[in-house]
Amino acid sequence: MKVDLHIHSIESKCSLNPKRLLEKVCIKKNILPAICDHNKLTKLNFSIPGEEIATNRGEFIGLFLNEEIPPNLDLYEALDRVREQGGLIYIPHPFDIYRKRSLVKFNVLEEKEFLKYIDIVEVFNSRCRSLEPNIKALEFAKKHKFSIGFGSDAHFIWEVGNAYTIFDEINIEDISNISPKEFLNLLNKKTKNLLKSNFNLYVNPWKTKYYFGKLGSKYNITLYSKILKKIRRRLNI
């Protein structure tokens, strides 16, 4: 099964992924998605429950959540709330300077206290405009020995499948039974394999035995999501 640790549903204002269509596409492509809507916990029976949480110092993702985390909390309070419910802390697109809330803009990534919270670093995000932020994220994960995740960050159906990790040990029926700790242990094994792999970081896509990631069109984020967000705000939908 392919696991994409960062996908949005229509619950995110900048996304146009209807839940039923998203489910059909994920099933067809054999993808288990982590649904990580902006400041909203969306629980669907075909996905890992997550939330992309905006704080006073950037944003991060909580995975395997039971309760929604409100936006704009102090960063460490939000991290603690994820920890309290047994969730995993996943750092998306940490070095993408074009994202308003990327953590690199808040000088937090090398704080010793912050580093203690991190479980997974997203080293490939398909919505980055170039490979450079992903390469920096990989270097950061290697430096601090964090588990590695790939995420399409899909806001539109055609982006689903742009990034994933292959787990032969997991199928869709298992997701309600697998614990965050078990999942992290499995991901650690994939991470070790990736770090031993020999592939060209400067060529799109990245492809190894268990990982796949390709950059999508830059217009997905620079144009389509921005237009969609304005339309949905105007129509209040």
Side-chain angles (χ1 to χ4, degrees), residues 2-7 32-34 36 48 50-53 55 57-64 75-76 78-79 82-83 87-99 101-154 162-167 170 180-215:
K2 304 167 186 173
V3 178
D4 183 341
L5 288 173
H6 188 174
I7 287 184
L32 171 63
C36 307
I48 297 169
E51 179 185 353
E52 191 161 15
I53 306 158
T55 77
R57 297 180 67 193
E59 65 186 5
F60 71 94
I61 285 174
L63 296 174
F64 292 93
L75 171 63
Y76 288 100
L79 290 166
V82 173
R83 277 282 181 261
L88 299 178
I89 291 166
Y90 176 92
I91 308 302
H93 48 72
F95 292 94
D96 190 345
I97 61 173
Y98 294 105
R99 314 284 182 115
R101 295 191 180 89
S102 285
L103 290 169
V104 70
K105 293 186 172 184
F106 296 86
N107 300 316
V108 68
L109 287 169
E110 293 294 344
E111 288 185 9
K112 290 183 179 180
E113 188 63 24
F114 178 73
L115 292 170
K116 294 176 184 177
Y117 283 92
I118 299 175
D119 294 305
I120 307 166
V121 175
E122 183 178 80
V123 308
F124 198 99
N125 180 293
S126 295
R127 287 193 134 211
C128 289
R129 300 186 191 186
S130 72
L131 289 170
E132 182 181 359
N134 292 330
I135 293 171
K136 288 182 177 180
L138 177 59
E139 292 170 349
F140 174 77
K142 289 168 67 175
K143 174 183 176 181
H144 295 289
K145 299 179 181 178
F146 292 129
S147 293
I148 285 172
F150 276 30
S152 67
D153 200 0
N162 279 353
Y164 52 80
T165 307
I166 296 173
F167 287 81
I170 296 176
K181 184 177 180 180
E182 289 171 328
F183 179 82
L184 190 59
N185 287 338
L186 291 173
L187 186 62
N188 284 337
K189 295 177 182 178
K190 312 301 179 186
T191 296
K192 290 176 183 177
N193 182 273
L194 174 71
L195 296 179
K196 292 177 182 177
S197 300
N198 183 22
F199 65 99
N200 192 336
L201 296 177
Y202 298 92
V203 174
N204 182 42
W206 290 4
K207 187 175 182 180
T208 70
K209 182 177 181 180
Y210 295 113
Y211 287 91
F212 176 81
K214 70 175 181 179
L215 298 180

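The shown structure was predicted, so the numbers you read here are calculated from the model rather than taken from an experiment.
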After noting the C-alpha distance and the side-chain angles of S152 and D4, does the key distance pass the side-chain hydrogen bond (donor to acceptor under 3.5 Å, both in side chains) rule?
CA-CA 7 Å; S152 67; D4 183 341; 2.5 Å; yes

Please tell me if the side chains of L115 and H144 come closer than 4.5 Å, counting only heavy atoms from C-beta onward.
yes

Indicate the ring-plane relationship of F95 and F140, choosing parallel, tilted or perpendicular according to the 30° and 60° boundaries.
perpendicular

Hey, mind stepping through C128 and R99 against side chain to side chain contact (heavy atoms under 4.5 Å, CB included) and telling me if it holds?
CA-CA 9 Å; C128 289; R99 314 284 182 115; 4.1 Å; yes

Within the distance-only criterion (no hydrogens, no angle test), does the side chain of N134 pair as donor or acceptor with the backbone N or O of N125 below 3.5 angstrom?
yes

Would you say the ring centers of Y164 and F150 fall short of 6.0 Å from each other?
no

Can you run down the salt bridge (charged side-chain N to carboxylate O under 4.0 Å, His left out) pairs that involve residues 101-115, sequence neighbours left out, and say none if there aren't any?
R57-E111, E110-K143, E113-K116

Check residues 201-210 and write down every donor-acceptor pair under 3.5 Å in which the side-chain atom is one partner and the other belongs to a residue at least two apart or another chain.
| from | atom 1 | to | atom 2 | distance (Å) |
| --- | --- | --- | --- | --- |
| N204 | OD1 | L215 | N | 2.9 |
| W206 | NE1 | L201 | O | 2.9 |
| T208 | OG1 | Y211 | N | 3.2 |

Does a salt bridge link D119 with K181, judged by any charged N lying under 4.0 Å from a carboxylate O?
no

Is any side-chain heavy atom of L75 closer than 4.5 Å to one of Y117?
no

Output yes when a side-chain donor or acceptor of S102 lies under 3.5 Å from a complementary backbone atom of I97, and no otherwise.
no

Heavy-atom count check: over 12 atoms from other residues, nucleotides or ligands less than 6.0 Å from F199 CZ?
yes

If only atom types and distance count, is the side chain of E51 paired as donor or acceptor with the main-chain N or O of G62 below 3.5 Å?
no

Does the side chain of L103 reach to within under 4.5 Å of the side chain of F114, using non-hydrogen atoms?
yes

Might you work through the side chain to side chain contact (heavy atoms under 4.5 Å, CB included) test for L187 and F167, ending with a clear yes or no?
CA-CA 8 Å; L187 186 62; F167 287 81; 3.7 Å; yes

Side-chain heavy-atom pair E122, L5 within 4.5 angstrom cut-off:
no

Roughly how far apart are I135 CD1 and F124 CZ, rounded to 0.5 Å?
9.5 Å

Spacing of CG belonging to L109 relative to CD1 belonging to I118, to within rounding of 0.5 Å
6.5 Å

